[in-house]
There are 2 protein chains.
Amino acid sequence: MPENDRTRTTRGRQLDPTRDAAILDATLDVLAEVGYTGMKIEMVAERAKAGKGTLYRRWPSKEELVIEAVTRMGQRDVGAEQLPDTGTLRGDIIALIRPELMEEQSQKVRVIAGLTSMLASHEGLAESANNANIGAWITANRVLIQRAVDRGEAKADADVDFLARLIPSMSAHRIALEGKALDKDFLVKLVDEVLLPALR
Amino acid sequence: MPENDRTRTTRGRQLDPTRDAAILDATLDVLAEVGYTGMKIEMVAERAKAGKGTLYRRWPSKEELVIEAVTRMGQRDVGAEQLPDTGTLRGDIIALIRPELMEEQSQKVRVIAGLTSMLASHEGLAESANNANIGAWITANRVLIQRAVDRGEAKADADVDFLARLIPSMSAHRIALEGKALDKDFLVKLVDEVLLPALR
DNA sequence: CGTATCCGGTAATGGCCAGTACCGGTAACG
DNA sequence: CGTTACCGGTACTGGCCATTACCGGATACG
């Protein structure tokens, strides 16, 4: 039920669809900054320049709002179809590192980190959060590495699933626990010093 | 100020020092299970078979209690002096994987994960939590890897600081986000397939 | 011994904040 | 046009705990 029941038959003014995006974006911003517990509905409303009523007219609770925001965040992912294909794994992985994507990934990781405490209790959220976000990054890596294996660039007995987690895991740790930014140097070093050696 | 001011000059019964450990242990257990927000003072009291007053007689707030518990958790670390020394890096790292340590590390990671949302807001906690816990594990790895470099077992230009984070980061991701246990197979694979190739 | 203080319980107190109700104003249905 | 429902604001309500206050026993200091 990501989209609430918007099929109206009644009279009068309709919900303004442009407010939705503003509210969901504000939700992610606040989540990334202060986590689920620190996030107050009023902060989201204020940042979205909306009244609390406007939020509650769309989502029945804070929890539902957060679930939709996180789910939507997971949907704007890299898109497994349009992955780079430069002919080498190193080139592919580095092509994945565009500055906008890095910033976006950083926000995603921060959102998830601020959510970990409720993952255990809330079932659907854990799914959306983990699978849809870091998960997409891992999936992209999996595809790229598998290609390298098929191409003979990487050794045939490599554990693709396992190695696909390498870069996202290390990055998540750097962002969430060390509080550092995700810079290109770090990622390039990860590819050259760790991932590629592991595939030879 | 880890230890409260216990220098009493007044008359009457003293604080029973054996209650402290029970309460701090209970705090860590609850934190690992439900995170900071989900943790209610009453849960801790109940698990420690204590009254709430007994807690508040020792710590002025939930926050202070958690800080001391987490700080103390950081102090029972591997102990950089008694690190294994088997002659090979592989042997050393695997010797570090004792079942009790794995269970303890898993609890630590779960505690930290349930705390991430408050790390941003509370300064000292982030320090205690990150540096003192995963940090100790990273430090142990750093020492072992440096030894391997000195010994000529690993290549001389290896970035020891960087590689020391490999196993702890990957393990933390596995425990905190994937919710899986930290088993020996996973760690051995990490050493053989990732760390050692990166050092050749 | 006498009493100050602790102990494990349990019953207030009080603040924070999700959720609700309304307000004056406005846009979009019939 | 006349409703009806929305919009951004701003109270108000109610529940959940952190924190405090007590209770009827222990206990250890002087």
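Below, chain A is the first sequence line, B the second, and so on; all start at residue 1. No hydrogens, no waters, no symmetry mates; every other heavy atom, side chains included, goes into these values. As the structure is a prediction and not an experimental result, all values here were calculated from the model.
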How many Å lie between [atom1] on [X] and [atom2] on [N], as a whole number?
| X | N | atom1 | atom2 | result |
| --- | --- | --- | --- | --- |
| B:D20 | C:dC6 | CG | P | 12 Å |
| B:K49 | C:dC7 | NZ | C1' | 15 Å |
| A:L55 | C:dA21 | CG | P | 17 Å |
| A:E46 | C:dC17 | CD | C1' | 15 Å |

Please set out all donor-acceptor pairs under 3.5 angstrom arising from side-chain atoms of residues 42-49 of chain B, sequence neighbours excluded.
from, atom 1, to, atom 2, distance (Å)
B:R47, NH1, B:E33, OE2, 3.1
B:R47, NH2, B:E33, OE1, 3.2

Practice task
Check whether the side chains of B:E68 and B:W59 place a donor and an acceptor atom closer than 3.5 Å, and report yes or no.
Solution key: yes
Exercise for the section: Taking only Lys NZ, Arg NE, NH1 and NH2, and the carboxylate oxygens of Asp or Glu, determine whether A:K189 and A:D183 approach each other closer than 4.0 Å. Expected result: no
Exercise for the section: Any pair with a residue in residues 92-115 of chain B that passes ring-ring contact (aromatic ring centres under 6.0 Å, His included), sequence neighbours left out, goes on the list, sorted by first then second residue, please. Expected result: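 Sorted result for residues 92-115 of chain B: empty, none.
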For residues 191-200 of chain A, please give each side-chain donor-acceptor pair under 3.5 Å, one per line with the distance, not counting sequence neighbours.
from, atom 1, to, atom 2, distance (Å)
A:D192, OD1, A:R90, NE, 2.6
A:D192, OD2, A:R90, NE, 3.3
A:D192, OD2, A:R90, NH2, 2.7
A:R200, NH2, A:E153, O, 2.5

Handout entry: Shortest non-hydrogen contact between A:M73 and A:I112, atoms and distance
Key =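 Taking A:M73 first and A:I112 second, the nearest heavy atoms are CE-CD1, 4.2 Å.
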Handout entry: Sequence neighbours excluded, every pair satisfying salt bridge (charged side-chain N to carboxylate O under 4.0 Å, His left out) that has a member inside residues 133-146 of chain A
Key = A:R142-A:D161
Problem - Close residues, residues 24-32 of chain B, relative to DNA chain D [heavy-atom separation under 4.0 Å] - result: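 None, since no heavy atom is under 4.0 Å.
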Exercise for the section: Give a yes or no on whether the backbone of A:A181 and the side-chain of A:R174 come within a donor-acceptor separation of less than 3.5 Å. Expected result: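 A pair under 3.5 Å: yes.
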Exercise for the section: Classify every nucleotide of nucleotides 16-26 of chain D by which part a protein heavy atom approaches to under 4.0 Å, writing B for the base, S for the sugar-phosphate alone and - for neither, in 5'-to-3' order. Expected result: -SSBB----BB
